[in-house]
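Some notes on the structure that comes next.
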Amino acid sequence: MKKRIILPLSFGIILSGISSVHAGDFTLFAAGVDPNDPASYYNADQMQTPTCWAAAGSNVVAHWQDHHVDSVPAGTPTGTDVYSSFLSLYSVPAGGKSDKFYQWWLGYYPTEYFEGTLKDNWQSLNIGGYYKDVYTYAEAMDTAWYHYTGNSDYSARYASRAIYYALSNGYSFAIGIPSLAHAFTVYGASFNPETELVTSLYLCDSGYVVFPKDTMHRARVNLNGNKLYIAGIYKEDDELIGSHTSRVIDNIYFLGNTETDTMNFVWSGEAIPEPSAFGLLAGVGALVLVGTCRRRRPQ
């Protein structure tokens with residue numbers, strides 16, 4: 001199996017990006033992402049084709065290849081070509097799940113999944129399966145997977161911890177809102193360190209079902225029973241209690257932060273770092289960078 005760039009948790013936090021928000025919350029972003037710079041993230045599907053799951057999946061794949069793959073196999077589409085190559089496979093738009101797109105991209109999902117929507121000449125297009133010589137089937141399934149939030153007393157906390165683990169290691173991901181038959185791409189999140197719950201998500205709505213599609217938005221996240229839901233555009237100190245409770249986050253589609261490692265962290269009970277710990281880690285990281293720069297400076 002090819003070596004992947006998996007950052008240790010503490011250094012992933014430093015490199016992914018940290019910012020303070022109100023009431024002691026803290027924010028993490030996926031590797032290289034600046035919410036104010038559209039060039040730092042992908043936002044596919046600007047044509048309003050009903051393939052939001054593939055658009056979100058394409059965004060995640062493109063980001064993953066840019067920041068977490070040390071050697072992309074020859075002939076593999078990258079960047080915005082990920083989504084365009086996916087669309088070239090279809091004779092009609094199709095719906096599905098982003099994790100199936102990930103698995104197909106890696107090479108381990110049956111083509112029967114796409115029956116009824118594929119172009120007649122799909123076999124000659126030679127699309128998908130780019131990492132089949134890199135990952136075994138078991139590795140691919142552990143790398144491209146989805147977390148069902150469930151309906152236990154700990155659903156929101158487990159989902160929040162899984163999101164935290166992904167972002168602290170620099171990964172973006174997709175989320176599914178079944179009531180809307182829609183998916184978003186998530187590049188960042190704010191957390192309440194006391195409750196360990198997500199309080200907002202930085203996301204792209206490629207299909208323009210909820211939010212304007214041309215940029216990233218910060219969306220308020222609240223509790224609906226034991227689950228998280230998208231409440232609307234984030235407003236400082238505005239809890240928006242009871243609104244849009246149908247937008248429940250039921251699925252989180254991960255690529256890269258393996259299911260085994262993620263769920264081990266989710267169930268471990270290990271507390272997420274307090275904001276003061278982030279400051280200490282960032283200070284240590286800055287000192288390391290300064291020292292490195294000084295050592296590399298020409299004599």
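Side-chain atoms of Asn59 come within 3.5 Å of backbone N or O of Ala44 as a donor-acceptor pair. For the pair Thr149 (side chain) and Ile249 (backbone), a donor-acceptor distance under 3.5 Å is present. The main-chain N or O of Ala140 is never found under 3.5 Å from a side-chain atom of Thr143 such that the two would form a donor-acceptor pair. Looking only at distances, a side-chain donor or acceptor of His63 sits under 3.5 Å from a matching main-chain atom of Ala31. A donor-acceptor pair is defined here as one N or O able to donate and one able to accept, closer than 3.5 Å; such a pair exists between the side chain of Tyr102 and the backbone of Tyr253.
Scanning both residues, Val221 and Ile230, for their nearest heavy atoms gives CG2-CD1, 4.1 Å. Closest of all the heavy-atom pairs between Cys52 and Ala181 is SG-O, 4.0 Å. Taking every heavy atom of both residues into account, Asn43 and Asp214 meet most closely at ND2-C, 3.8 Å. The shortest non-hydrogen separation linking Tyr202 to Ala189 is CD1-N, 4.0 Å. Nearest heavy atom pair, residue Lys227 against residue Val248, reads CD-CG1, 3.3 Å. Here the closest heavy-atom approach between residue Gly75 and residue Tyr130 is recorded as O-CE2, 3.8 Å.
More than 12 heavy atoms of other shown residues, nucleotides or ligands fall within 6.0 angstrom of atom CG in Asp37.
Remark: aromatic rings of Trp105 and Phe86 are distant, center separation not under 6.0 Å. If you look at Tyr108 and Tyr135, their ring centroids are not closer than 6.0 Å.
Under the 4.5 Å side-chain criterion, counting only non-hydrogen atoms from C-beta, Tyr42 is not in contact with Val82. Side-chain atoms of Tyr164 and Val198, non-hydrogen and from C-beta on, never get closer than 4.5 Å to each other. Counting heavy atoms from C-beta outward, Trp53 and Asn251 have side chains that stay 4.5 Å or more apart. When side chains are defined from C-beta on, His147 does not count as touching Ile163, because their heavy atoms never get closer than 4.5 Å. In this structure the side chain of Tyr187 never reaches within 4.5 angstrom of the side chain of Pro35, judged on heavy atoms. In this structure, Ser172 and Val33 have side chains that are not in contact, with every pair of non-hydrogen atoms separated by 4.5 Å or more. With a 4.5 Å cut-off on side-chain heavy atoms, Ile177 and Asp250 do not count as touching.
Remark: the Thr262 side chain and the Asn257 side chain contain an N/O donor-acceptor pair separated by less than 3.5 Å. Remark: the Gln65 side chain and the Tyr131 side chain contain an N/O donor-acceptor pair separated by less than 3.5 Å. Residues Thr199 and Asp25 bring a donor and an acceptor atom of their side chains to less than 3.5 Å of each other. If you check the side chains of Asn169 and His68, you find no donor sitting under 3.5 Å from an acceptor. Using a 3.5 Å distance cut-off with no hydrogens or angles, the side chains of Ser40 and Asp34 do not pair a donor with an acceptor.
Taking the salt bridge (charged side-chain N to carboxylate O under 4.0 Å, His left out) definition, one finds that Glu196 meets it with Arg157, Arg161, sequence neighbours left out.
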Show your reasoning for whether side-chain contact (heavy atoms from CB on, under 4.5 Å) applies to Leu228 and Leu223. CA-CA 5 Å; Leu228 303 174; Leu223 276 174; 4.2 Å; yes

Determine, stepwise, if the pair Leu255 / Tyr171 fulfils side-chain contact (heavy atoms from CB on, under 4.5 Å). CA-CA 8 Å; Leu255 174 62; Tyr171 295 105; over 6 Å; no

For side-chain contact (heavy atoms from CB on, under 4.5 Å), just list the numbers for Val60 and Phe101, CA-CA rounded to whole Å, side-chain angles, deciding distance to a tenth of an Å, and then say yes or no. CA-CA 10 Å; Val60 172; Phe101 174 35; over 6 Å; no

Would Tyr154 and Trp267 satisfy side-chain contact (heavy atoms from CB on, under 4.5 Å), going step by step from the backbone distance to the final call? CA-CA 10 Å; Tyr154 305 101; Trp267 295 325; over 6 Å; no

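Interatomic distance, Tyr41 OH to Met216 CE, rounded to the nearest 0.5 Å: 4.5 Å. A distance of 10.5 Å separates CG in Leu106 from CD in Glu139, rounded to the nearest 0.5 Å. Going from atom OG of Ser58 over to atom CG of Asp81 covers 10.5 Å, rounded to the nearest 0.5 Å. Atoms CG and OG1, from Leu201 and Thr185 in turn, are 11.5 Å apart once rounded to the nearest 0.5 Å. From Thr27, atom OG1 reaches atom CZ of Arg218 across 5.5 Å, with rounding to the nearest 0.5 Å. The CG atom of Leu197 sits 12.5 Å away from the OG atom of Ser190 when rounded to the nearest 0.5 Å.
Applying the ring-ring contact (aromatic ring centres under 6.0 Å, His included) test between Phe254 and each of Tyr165, Phe173, Tyr146 identifies Phe173 as the sole match.
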